[in-house]
Amino acid sequence: MTVSIVLYGIKSCDTMRKARQWLDSHGIGYIFHDYKSQGVPPEQLANWVAAVGWEKLLNRAGTTFRGLPDADRQGLDEARAVALMLAHPSLIKRPVLVRGSDVTLGFKPDIYAALFGVE
């Protein structure tokens, strides 16, 4: 059985480029989903939140988060964070690698190597 791999992120992001280059150089096939241009279906975001938690999924370090009004950044809970991520997909940490039911956030070559069983 082949497990489909979907890499979610933003095309112009440097970390995304590194992740895509790593997958390509190791011959690992994947589907790329640019959530800045294509959005993220609410049910997909709900799956990620269930898998990794909204706190890890929300990118608080980026310029999009820093550019939000103070009222949006204060007192966040899951519902408010999810609504913000749906409205501003750039708030979602990237990349999000979905392999079957597994969700991996961010890109580190050693983590990807362990995940795919390559060196």
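For the numbers below, each heavy atom of this structure counts, side chains included, while hydrogens, waters and symmetry mates do not. Since the model is a prediction, treat every value here as computed from it, not as a measurement.
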Has E55 got more than 12 heavy atoms of other residues, nucleotides or ligands less than 6.0 Å from its CD?
->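 Counting other residues, nucleotides and ligands, CD of E55 exceeds 12 neighbours.
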
Distance, nearest 0.5 Å, that separates [atom1] of [X] from [atom2] of [Y]:
X   : Y   : atom1 : atom2 : result
D24 : Q21 : CG    : CD    : 8.0 Å
C13 : R20 : SG    : CZ    : 11.0 Å
D34 : S12 : CG    : OG    : 7.5 Å
Q44 : I92 : CD    : CD1   : 9.5 Å
L45 : L86 : CG    : CG    : 5.0 Å

Counting distance only, does the side-chain N/O of [X] pair as donor-acceptor with the main-chain N or O of [Y] below 3.5 Å?
X   : Y   : answer
R66 : A61 : yes
H88 : L84 : no
R94 : Y35 : no
R99 : S4  : no

Going through the checks in order, is the side chain to side chain contact (heavy atoms under 4.5 Å, CB included) test met by R73 and D70?
-> CA-CA 5 Å; R73 292 185 285 150; D70 286 341; 2.2 Å; yes

Non-hydrogen side-chain atoms of [X] and [Y] separated by less than 4.5 Å:
X   : Y    : result
L57 : V49  : yes
V96 : L105 : yes
T15 : P95  : yes

Heavy-atom closest contact ([X] atom, [Y] atom, distance):
X   : Y   : answer
N59 : S90 : ND2-O, 4.2 Å
L58 : A81 : CD2-CB, 4.4 Å
I10 : F32 : C-CZ, 4.1 Å

[X], [Y]: one ILVMFWY side-chain cluster at the under-4.5 Å cut-off?
X    : Y    : result
I111 : F116 : no
V6   : V40  : yes
V52  : F65  : yes
M16  : L115 : yes
Y8   : L97  : no

Can you say whether the rings of F107 and Y112 are parallel (under 30°), tilted (30 to 60°) or perpendicular (over 60°)?
->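 The rings of F107 and Y112 stand perpendicular, inter-plane angle above 60°.
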
Going through the distances and angles, do W48 and V98 end up as a side chain to side chain contact (heavy atoms under 4.5 Å, CB included)?
-> CA-CA 9 Å; W48 298 345; V98 177; 3.4 Å; yes

With R60, the side-chain contact (heavy atoms from CB on, under 4.5 Å) member among L68, L91, L76 =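 Answer after filtering L68, L91, L76: L76.
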
Between R80 and D77, is there a salt bridge with N-O shorter than 4.0 Å?
->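 No.
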
